[in-house]
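Please read the structure below before turning to the comments.
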Amino acid sequence: MSTVAGTAHRGQARRHMRIDGWRWGGRIFLVFMLLYTALPMVWMLITSIKSGFAAMQFPPQWWPDQPTLASYQKLLDPQNSVGQDFLRFFWNSLFVSTATTILSVIVAVPAAYAFSRFTFPGRNFLFFAVLLRNMFPAVIFLVPLFILMRAIGLVNTHGSLILTYLTFGLPLAIWLLKGFFDNIPVQLEQAARIDGATRFQAFVLIVMPLSAPGIIATAIYSFIGAWNEYIYAYTFLSKNEQLTLPVGIQRFFSENTTDFPGLMAASFMMSVPVVVLFLVLQRYFVRALTEGAVKH
């Protein structure tokens with residue numbers, strides 16, 4: 001008996017060692033990924049507080065002897081041309097991203113609810129046809145969409161970007177929300193309707209509050225996609241007053257030199273809204289991905 005017990009104990013010890021090995025391996029991988037994603041941001045921030053001469057030194061100066069916020073002051077000062085342009089680009093990006101987010105939610109919520117709750121001819125075909133767009137890279141649609149926007153007079157307007165971003169963001173938004181609606185028991189709506197509520201009232205009062213994490217995740221996805229997009233903004237917009245941030249920060253590049261501290265300061269400030277938005281709402285995003293992907 002003692003031999004059997006000892007063998008079982010050694011087997012359990014080996015299993016625990018294997019589990020601990022995987023656990024520590026996962027922790028090391030997470031630390032590596034954290035460094036991989038955080039170090040570029042740290043280096044960008046350090047470069048933004050250097051002078052132009054210190055930013056060009058080789059070997060690089062890891063920490064500036066005389067840190068300065070001159071680049072940030074120049075970007076946020078509406079009295080100089082750089083500050084005026086940066087603040088205009090920032091507002092343009094904020095407007096386009098916010099409008100895209102609002103319209104994405106307005107369109108995706110009823111579309112996903114219809115796919116989740118109703119049965120109609122061609123339902124499955126139409127649902128997968130919506131996802132078909134994601135099989136192709138966005139650049140394939142660049143020329144056709146430019147011709148379309150020029151034909152309807154939307155070139156050099158923010159409307160062209162909003163419509164384009166809706167085209168690219170809606171498929172995943174609808175798919176994400178449909179999976180979330182599938183996990184909300186239909187019996188809750190039926191009970192509300194028995195109590196006298198209409199279908200619309202049951203949707204607004206029962207389904208919408210329960211699906212809030214999925215809606216927030218959809219909004220985050222739409223906002224980040226519109227905020228960071230470059231190719232279509234570069235193609236559709238040519239007027240300086242219409243440019244968004246990803247295109248507008250090109251002004252820090254010139255033929256003979258580049259203002260690296262100014263470029264890094266602008267890039268860092270461009271990344272701040274997205275990082276803050278995700279950090280504040282990340283729990284809803286993770287919950288939507290997990291609950292929407294698994295049907296209970």
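Along the sequence shown, residues are numbered consecutively beginning with 1. Since we're looking at a predicted model, the values are computed, not measured.
Under the 4.5 Å side-chain contact rule for hydrophobic residues, F181 and V186 do not share a cluster. Hydrophobic clustering (ILVMFWY, side-chain heavy atoms < 4.5 Å, transitive): L148 and V143 are in distinct clusters. Side-chain heavy atoms closer than 4.5 Å link hydrophobic residues (I, L, V, M, F, W, Y) into clusters, and following such links, even through other members, never connects I106 to L172. Linking ILVMFWY side-chain heavy atoms closer than 4.5 Å, directly or via other members, places V272 and F90 in a single hydrophobic cluster.
To the nearest 0.5 Å, atom CG of residue L166 and atom OG of residue S222 are 8.0 Å apart. Of the inter-residue distances, the one linking T98 atom OG1 with L94 atom CG reads 4.0 Å to the nearest 0.5 angstrom. In this structure, OG1 in T47 is found 9.5 Å from CG in L263, a value given to the nearest 0.5 Å. Atom OG of residue S116 and atom CD1 of residue I184 lie 8.0 Å apart, to the nearest 0.5 angstrom. Interatomic distance, L176 CG to T218 OG1, rounded to the nearest 0.5 Å: 4.5 Å. Separation of atoms CD (Q201) and OG1 (T198) is listed at 3.5 Å; rounding is to 0.5 Å.
When side chains are defined from C-beta on, Y113 does not count as touching K178, because their heavy atoms never get closer than 4.5 Å. At a threshold of 4.5 Å between non-hydrogen side-chain atoms, the residues W63 and I49 count as touching. In this structure, the side chains of V109 and L177 come closer than 4.5 Å at one or more pairs of heavy atoms. Between M270 and P246 there is a side-chain heavy-atom pair separated by less than 4.5 Å. Here the side chains of F115 and I174 are in contact, with some heavy-atom distance below 4.5 Å.
F168 and F141 have tilted rings, their planes meeting at an angle from 30° to 60° on a 0 to 90° scale.
Within a 6.0 Å sphere centred on CD of Q66, other residues, nucleotides and ligands contribute 12 heavy atoms or fewer. By the neighbour-count criterion of 12 heavy atoms within 6.0 Å, atom CD1 of I231 is sparsely surrounded, having that number or fewer from other residues, nucleotides or ligands.
Among pairs with a residue in residues 225-237, those fulfilling side-chain hydrogen bond (donor to acceptor under 3.5 Å, both in side chains) read Y165-E229, Y230-Q250, at least two apart in sequence or across chains. For residues 151-164, every residue pair satisfying the side-chain hydrogen bond (donor to acceptor under 3.5 Å, both in side chains) rule, not counting sequence neighbours, is listed here: N156-S238, H158-Q242. Screening residues 84-113 for salt bridge (Lys or Arg N to Asp or Glu O under 4.0 Å), with sequence neighbours left out, gives D85-R88, D85-R251.
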Side chains of residues 202-216: which donor-acceptor pairs under 3.5 Å do they make with residues two or more places apart or in other chains?
{"unit_1": "S211", "atom_1": "OG", "unit_2": "V207", "atom_2": "O", "d": "2.8"}
{"unit_1": "S211", "atom_1": "OG", "unit_2": "M208", "atom_2": "O", "d": "3.1"}

Distance-only criterion, 3.5 Å: show the donor-acceptor pairs between side-chain atoms of residues 33-45 and protein atoms not counting sequence neighbours.
{"unit_1": "T37", "atom_1": "OG1", "unit_2": "M33", "atom_2": "O", "d": "3.0"}
{"unit_1": "T37", "atom_1": "OG1", "unit_2": "L34", "atom_2": "O", "d": "3.1"}

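Across all non-hydrogen atoms, the minimal contact from I46 to K50 is O-CG, 3.4 Å. Heavy-atom minimum distance, S97 versus A226: OG-C, 3.6 Å. In this structure, F86 and L75 approach most closely via the heavy-atom pair CD2-O, 3.6 Å. In terms of heavy-atom proximity, P78 sits nearest to L87 at CB-CD1, 4.1 Å. Nearest heavy-atom pair, F236 versus L161, reported as atom, atom and distance to 0.1 Å: CD1-CD2, 3.9 Å.
Not counting sequence neighbours, T119 has no partner by the side-chain contact (heavy atoms from CB on, under 4.5 Å) test. For the side-chain contact (heavy atoms from CB on, under 4.5 Å) test, residues two or more places apart in sequence or in another chain that qualify with Q79 are D77. T68 meets the side-chain contact (heavy atoms from CB on, under 4.5 Å) test with A70; sequence neighbours excluded. For N92, there are no side chain to side chain donor-acceptor pair (under 3.5 Å) partners, not counting sequence neighbours. Under the side chain to side chain donor-acceptor pair (under 3.5 Å) criterion, R117 pairs with E189, not counting sequence neighbours. Every residue two or more places apart in sequence or in another chain was checked for a side chain to side chain donor-acceptor pair (under 3.5 Å) with S267, and none qualifies. Partners of S48 under the side chain to side chain donor-acceptor pair (under 3.5 Å) rule, at least two apart in sequence or in another chain, are Y72.
Between the side chain of T100 and the backbone N or O of V96, at least one donor-acceptor pair lies under 3.5 Å. Between the S93 side chain and the L245 main chain, a donor and an acceptor come within less than 3.5 Å of each other.
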